[in-house]
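One structure is given below, encoded as structure tokens.
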Amino acid sequence: MKPDFISPATTMGFRQALLAHYDRAARDLPWRRDRDPYRILVSEFMLQQTRVETVVKYYDPWLERFPSLLALAEASEDEVLKAWEGLGYYRRARNLHQAARIIVESHSGSVPTDLEALRALPGVGEYTTGAVASIAFDVPTPAVDGNVRRVLARFFDEERPDPAWLRRVAREILSRDRPGDWNQALMELGATVCKPRSPRCDRCPVSRWCSAYALGTVDERPASPPRREIKKSVVTLAVFHCRGEVFLQRRPESGLLAGLWAFPEYGHEIVSSYAVHLGLSPMGKPTALPPVEHRFTHLHVRYVPTMLEVDRDERVGGVGERGRWVGLDGLEDLALPVAQRKVFESCLKHLK
DNA sequence: CTCCGGGTTT
DNA sequence: AAACCCGGAG
């Protein structure tokens with residue numbers, strides 16, 4: 001049903017019942033303790049592509065490290081990435097950092113209330129604009145995330161909700177009185193009741209108005225598009241160690257794990273030749289470490305690490321600007337992608 | 001183990 | 001359209 005017309009009775013019932021449910025059942029989440037725009041902004045960046053339970057573990061430490069927009073703006077990128085380590089989608093951390101700097105420089109240090117100014121910040125798209133504006137500033141504007149999309153598709157039995165349909169419907173049913181709570185209530189319903197799989201319609205406060213529930217199509221709304229094929233690849237990593245340190249390289253500024261530290265990848269040559277290529281002197285025989293499997297969105301990588309003790313001539317340098325040696329106990333201070341950390345841990349195990 | 005979910009940018 | 005990350009669910 002494409003609701004050209006949504007009956008006022010449905011709208012009113014939906015709003016009243018869902019807000020009442022939210023008042024009763026809203027989870028006590030750390031970013032709901034107040035309406036500080038900076039804190040809302042941080043939570044929304046972290047919540048992009050990431051579940052609430054994961055974000056909860058990072059949120060308070062982040063605010064302790066960067067208690068204000070200004071503190072964040074003044075931090076170095078390395079500090080920011082370190083605090084983000086493990087959350088994934090590291091571009092979000094850079095975007096948040098940049099956004100803080102822009103807000104300090106161009107908006108007098110206050111998160112802009114204006115929708116267009118918000119939308120112009122790096123890492124802030126349509127959803128985040130609506131979420132921050134409605135939650136922090138009570139602006140009556142929708143915030144359609146994946147949860148809301150699913151809830152609305154089911155409520156109106158829309159098989160393929162496109163962005164224009166979603167915008168229109170979300171705007172029409174939006175509570176004018178409590179837009180921030182309303183948007184959060186919709187998302188919360190999607191996260192806790194109207195879940196992608198095994199939805200709990202028996203516990204749903206709005207099932208009596210839900211079209212898919214009435215029609216028995218809940219499990220098919222919204223229809224999921226066919227998945228793209230996931231490519232598989234094998235990457236050989238060199239784990240050079242020397243006097244209690246290992247060698248890391250900063251990855252290129254674009255592409256996979258852009259700008260993060262990682263063990264160097266080498267191609268089809270043998271690892272000793274690669275060491276020589278970097279100006280290092282192989283000291284013993286290479287040792288194969290167990291492969292580490294890691295899944296990215298579009299890629300399934302099997303990392304095959306080979307460990308090799310080397311000597312390095314301080315006068316030569318050799319390893320280039322993008323390389324650095326890090327003590328085996330000094331990696332805690334470095335932002336390292338999860339797969340690289342796994343490689344590092346198996347290397348540690350081997351060395352002791 | 002495999003599958004799946006989720007916003008923004010380019 | 002494709003790229004980007006991790007962890008929970010089944």
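So that the names make sense, note that chain A is the first sequence line, chain B the second, and so on, each numbered from 1.
Near-neighbour residues of DNA chain B inside residues 47-54 of chain A, defined by a heavy atom below 4.0 Å, number-ordered: A:Q48, A:Q49. Of the residues in residues 122-134 of chain A, those placing a heavy atom less than 4.0 Å from an atom of DNA chain B are A:P122, A:G123, A:V124, A:G125, A:E126, A:Y127, A:T128, in numerical order.
If you take CZ of A:F45 and P of B:dT8, they are 8 Å apart, rounded to a whole angstrom. In this structure, A:L118 places its CG atom 16 Å from C1' of B:dG7, rounding to the nearest Å. We find that CG of A:N183 is positioned 13 Å from P of B:dG7, with the value rounded to whole Å. Atom CG of A:N147 and atom C1' of B:dC4 are 14 Å apart (whole Å). Taking atom CZ of A:R94 as the reference point, atom C1' of B:dG7 lies 17 Å away to the nearest angstrom. A:R91 places its CZ atom 14 Å from the P atom of B:dT8, with the value rounded to the nearest Å. Computed from coordinates, the A:R92 CZ to C:dC5 C1' distance equals 8 Å when rounded to whole Å. Rounded to whole Å, atom P of C:dC5 lies 11 Å from atom CG of A:L81.
Other members of the cluster containing A:V104 are A:L70, with ILVMFWY side chains joined at under 4.5 Å, either directly or via other members.
The nearest heavy atom of DNA chain C to A:S198 and to A:Y58 marks one nucleotide each, and the one closer to the 5' end goes with A:Y58. Each of A:R149 and A:L121 has a nearest nucleotide on DNA chain B; the 5'-most of these lies closest to A:R149.
A donor-acceptor contact shorter than 3.5 Å links the side chain of A:Q48 to the backbone of A:G123.
The nearest pair of heavy atoms linking A:S207 to A:Y213 is O-CD2, 3.5 Å.
Listed candidates were B:dT9, C:dC5, B:dC4. Nearest to the side chain of A:Y89 is C:dC5. Of the candidates B:dT9, C:dG7, B:dG5, the closest approach to any side-chain atom of A:V338 belongs to C:dG7.
Salt-bridge formation is detected for the pair A:D60/A:R33: a Lys NZ or Arg NE/NH1/NH2 atom is positioned less than 4.0 Å from an Asp or Glu carboxylate oxygen. The residues A:E77 and A:R94 are annotated as salt-bridged, a charged nitrogen and a carboxylate oxygen being separated by less than 4.0 angstrom. Using a cutoff of 4.0 Å between basic side-chain nitrogens and carboxylate oxygens, A:R250 and A:D78 are scored as salt-bridged. Salt bridge status for A:R154 with A:E159: absent, with no side-chain N to carboxylate O gap under 4.0 Å. Salt bridge A:D311/A:R243: present, at least one basic N to carboxylate O contact under 4.0 Å.
Side chain to side chain, A:N95 and A:R92 fail the donor-acceptor criterion of an N or O pair below 3.5 Å.
When the side-chain nitrogen and oxygen atoms of A:Y90 are compared with OP1 and OP2 of C:dC6, one or more of them lie within a distance under 4.0 Å.
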